[in-house]
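Just below is one structure, and these are the notes that go with it.
Residue numbers start at 1 and run along the sequence shown.
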Amino acid sequence: MLKPKVFITRPLPEEVVEPYRGRLDIEMYPEDRPIPEAELASKQGEIDALIPMLSEKLGEEFFSNTSAKVVANLAVGYDNIDVTAAKKHGVTVTNTPDVLTETTADLTFALMLTTARRISEAEDYIKNDQWKQWSPLQLAGTDVHHKTIGIVGMGRIGEAVARRAKGFSMNVLYHNRSRKEAAEKEFGATYVSFDELLKQSDFVVCMTPYTKETHHLFNEEAFRKMGEHAFFINTSRGKTVDEQALQKALEEKEIKGCGLDVFENEPISADHPLLKLENVTATPHIGSSSMETRYRMMQLCLDNVSRVLTGENPITPVT
């Protein structure tokens with residue numbers, strides 16, 4: 001009996017994939033870069049399942065021509081997939097929530113600390129042989145402890161960030177589509193309007209998913225409301241931010257600095273305008289990038305695929 005055919009758009013470690021080969025015919029794109037559209041299109045009619053990355057954009061054209069019964073996105077987000085088109089053509093879509101919550105929260109808090117305390121600047125200062133003496137305000141940054149953090153999007157990762165913030169004796173504000181009374185009770189968090197959060201927070205942390213409603217949520221008006229003392233941190237999705245407005249706010253010192261793990265169009269190059277600014281800390285979309293978490297994400301994708309192809313319900317369906 002032929003095994004169901006699964007195509008993965010990046011090479012994954014064989015130690016992750018091997019346990020599934022007994023029941024699945026697994027093929028992987030051999031290069032560690034986005035698969036060309038034409039090559040993915042050539043596979044779409046001969047597979048039972050696809051495991052794509054965020055770089056693969058799957059819309060009506062893909063779903064109307066694919067033989068795949070399940071698409072298991074290797075990410076918690078799924079804005080690269082037209083879920084409506086998938087449902088229309090009877091294709092199950094899954095993602096990888098929960099397993100990356102704590103890891104992404106770690107990176108978010110690390111980015112906030114690095115930005116506030118000017119860690120990247122300080123590292124360059126030593127590496128460029130500039131450290132010749134001590135002075136009272138040499139590379140002086142901003143305290144994080146006892147400050148106010150405003151979390152936009154109090155989902156699982158937002159709550160994990162709030163938990164870390166309480167360890168730094170921070171005042172936690174949040175804005176969400178609906179109130180989270182459990183989070184308010186656990187973290188002493190206060191629900192406020194988006195405008196109030198911007199005005200009151202020393203650190204504004206974007207944790208909201210990308211939707212039509214959140215496109216460029218952080219725009220010129222939003223940054224103006226934040227004030228010159230505030231930092232902006234984004235580990236969610238780049239398209240929630242108007243990068244030109246952010247650049248203007250940083251250059252004109254309307255806000256104090258920012259830490260970014262995501263960008264409007266990825267990957268970015270070294271000549272990206274934001275990278276020229278000293279008050280910007282940037283990382284290349286590594287929110288969930290720990291060995292432990294990425295392995296769990298890969299396994300969850302393969303488990304979802306296995307379950308759907310044997311007639312069972314997936315573990316983490318996108319609904």
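With sequence neighbours excluded, no residue forms a ring pair (Phe, Tyr, Trp, His ring centres under 6.0 Å) with Phe62. Listed by chain and number, the residues in a salt bridge (charged side-chain N to carboxylate O under 4.0 Å, His left out) with Glu46 amount to none (sequence neighbours excluded). With sequence neighbours excluded, the residues satisfying ring pair (Phe, Tyr, Trp, His ring centres under 6.0 Å) with His215 are Tyr210. Applying the ring pair (Phe, Tyr, Trp, His ring centres under 6.0 Å) test to Phe7 and every residue at least two apart in sequence or in another chain returns nothing.
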**Message:** Please determine whether salt bridge (Lys or Arg N to Asp or Glu O under 4.0 Å) holds for the pair Arg33 and Glu31, giving the CA-CA distance in whole Å, both sets of side-chain angles, and the decisive distance to 0.1 Å.
**Reply:** CA-CA 6 Å; Arg33 63 180 179 85; Glu31 299 182 41; 2.6 Å; yes

**Request:** Kindly indicate, with the supporting measurements, whether the criterion salt bridge (Lys or Arg N to Asp or Glu O under 4.0 Å) is fulfilled by Asp82 and Lys57.
**Result:** CA-CA 8 Å; Asp82 186 337; Lys57 310 301 180 186; over 6 Å; no

**Chi angles and distances behind the salt bridge (Lys or Arg N to Asp or Glu O under 4.0 Å) call for Glu27, Lys43** = CA-CA 10 Å; Glu27 179 187 358; Lys43 302 287 185 183; 2.8 Å; yes

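There is no side-chain donor-acceptor pair under 3.5 Å between Gln247 and Glu243. Defined by atom type and a distance below 3.5 Å, a donor-acceptor pair is present between the side-chain atoms of Tyr295 and Glu15. Between the side chains of Asn80 and Asn73, at least one donor N or O sits under 3.5 Å from an acceptor N or O. Side-chain atoms of Thr240 and Arg237 include no donor-acceptor pair closer than 3.5 Å. A donor and an acceptor atom, one from each side chain of Glu184 and Tyr174, are located under 3.5 Å apart. Under the 3.5 Å distance criterion, with hydrogens and angles disregarded, a donor-acceptor pair is assigned to the side chains of Ser269 and Asp271. Side chains of Thr235 and Thr108: a donor on one and an acceptor on the other come within 3.5 Å.
Between Phe218 and Phe232, the two ring planes are tilted [angle within 30° to 60°].
Cluster membership for Phe263 and Leu250, using ILVMFWY side-chain heavy atoms within less than 4.5 angstrom, is shared. Note: the hydrophobic cluster containing Ile151 does not contain Leu198 (ILVMFWY, side chain heavy atoms under 4.5 Å, direct or indirect links). At a threshold of 4.5 Å between side-chain heavy atoms, the hydrophobic network of Ile, Leu, Val, Met, Phe, Trp and Tyr places Leu113 and Leu111 in one connected group. If you chain together hydrophobic residues whose side chains sit under 4.5 Å apart, Val17 and Met53 fall into the same group. Note on Phe194 and Phe223: same hydrophobic cluster, where clusters join Ile, Leu, Val, Met, Phe, Trp and Tyr whose side-chain heavy atoms are under 4.5 Å apart, directly or indirectly.
In this structure, Ile149 and Ser201 have side chains that are not in contact, with every pair of non-hydrogen atoms separated by 4.5 Å or more. The closest side-chain heavy-atom distance from Val204 to Leu197 is below 4.5 Å. The closest side-chain heavy-atom distance from Ile26 to Tyr20 is below 4.5 Å. Side-chain contact between Arg294 and Ser288 is present, with heavy atoms from C-beta onward closer than 4.5 Å. Within the 4.5 Å cutoff, the side chain of Leu275 has no heavy atoms near those of the Leu277 side chain. Here the side chains of Ser120 and Thr114 are in contact, with some heavy-atom distance below 4.5 Å. Side chains of Thr9 and Leu50 form a contact here, defined as non-hydrogen atoms less than 4.5 Å apart. Side-chain contact between Thr190 and Val172 is absent, with no heavy atoms from C-beta onward closer than 4.5 Å.
The number of heavy-atom neighbours closer than 6.0 Å to CD of Glu37, taken from other residues, nucleotides and ligands shown, is 12 or below. Enclosure of atom CD in Gln130 by more than 12 non-hydrogen atoms of other residues, nucleotides or ligands within 6.0 angstrom is indicated. Heavy atoms of other residues, nucleotides or ligands lying less than 6.0 angstrom from NZ of Lys248 number more than 12. Around CD of Glu278, the count of heavy atoms belonging to other residues, nucleotides or ligands within 6.0 Å does not exceed 12. Heavy atoms of other residues, nucleotides or ligands lying less than 6.0 angstrom from CZ of Arg117 number 12 at most. Annotation for Lys87: atom NZ does not count as buried by contact number, only 12 or fewer foreign heavy atoms lying within 6.0 Å. Within 6.0 Å of the OH atom in Tyr78, the count of heavy atoms belonging to other residues, nucleotides or ligands does not exceed 12. Glu181 CD: 12 or fewer foreign heavy atoms inside a 6.0 Å radius.
The pair Glu221-Lys225 meets the salt-bridge criterion, with a side-chain N (NZ, NE, NH1 or NH2) lying under 4.0 Å from an Asp/Glu carboxylate O. Salt bridge status for Lys166 with Glu186: absent, with no side-chain N to carboxylate O gap under 4.0 Å. Contact check on Lys256 versus Asp202 returns no salt bridge, with no Lys/Arg side-chain nitrogen under 4.0 Å from an Asp/Glu carboxylate oxygen. Ion pair Glu123/Arg118 not flagged as a salt bridge, since none of the NZ, NE, NH1 or NH2 atoms sits closer than 4.0 Å to an Asp/Glu carboxylate oxygen. Contact check on Lys69 versus Asp48 returns a salt bridge, with a Lys/Arg side-chain nitrogen under 4.0 Å from an Asp/Glu carboxylate oxygen. Ion pairing between a basic and an acidic side chain is recognised when a charged N comes within 4.0 Å of a carboxylate O; Arg224 and Glu220 show such pairing.
Glu60 and Ala85 get closest at one heavy-atom pair: OE1-CB, 3.6 Å. Scanning both residues, Thr214 and Pro209, for their nearest heavy atoms gives OG1-O, 2.9 Å. Closest heavy-atom contact between Ala41 and Gln44: O-CG, 3.0 Å. When every heavy atom of Ala183 is checked against every heavy atom of Glu159, the shortest pair comes out as CB-OE2, 4.1 Å. In terms of heavy atoms, Ile47 sits closest to Ser67 at O-OG, 2.6 Å.
Atom CG of Leu260 is separated from atom SG of Cys206 by 10.0 Å, given to the nearest 0.5 angstrom. Rounding to the nearest 0.5 angstrom, the gap separating the OG1 atom in Thr96 from the CG atom in Leu300 is 6.0 Å. The CG atom of Leu74 sits 9.5 Å away from atom OG1 of Thr94, with the distance rounded to the nearest 0.5 Å. Annotation: the span from Ser169 atom OG to His145 atom NE2 amounts to 9.0 Å, rounded to 0.5 Å.
Not one N or O on the side chain of Lys3 forms a donor-acceptor pair closer than 3.5 Å with the backbone of Arg23. With hydrogens and angles ignored, the 3.5 Å screen pairs no side-chain donor or acceptor of Thr101 with any backbone N or O of Arg156. Of the possible donor and acceptor atoms, none in the side chain of Asn176 sits under 3.5 Å from a partner among the backbone N and O of Arg179. The closest donor-acceptor contact from the side chain of Ser193 to the backbone of Glu196 lies under 3.5 Å. Asn304 places a side-chain N or O within donor-acceptor distance of the main-chain N or O of Ile315, the cut-off being under 3.5 Å. Side-chain N or O atoms of Asn171 include none that pairs as donor or acceptor with a backbone N or O of Thr148 at under 3.5 Å.
For residues 84-121, the ring-ring contact (aromatic ring centres under 6.0 Å, His included) pairs, not counting sequence neighbours, are Phe109-Phe168.
Other members of a hydrophobic cluster containing Leu2 are absent, since no ILVMFWY side chain comes under 4.5 Å of it, directly or through relayed contacts.
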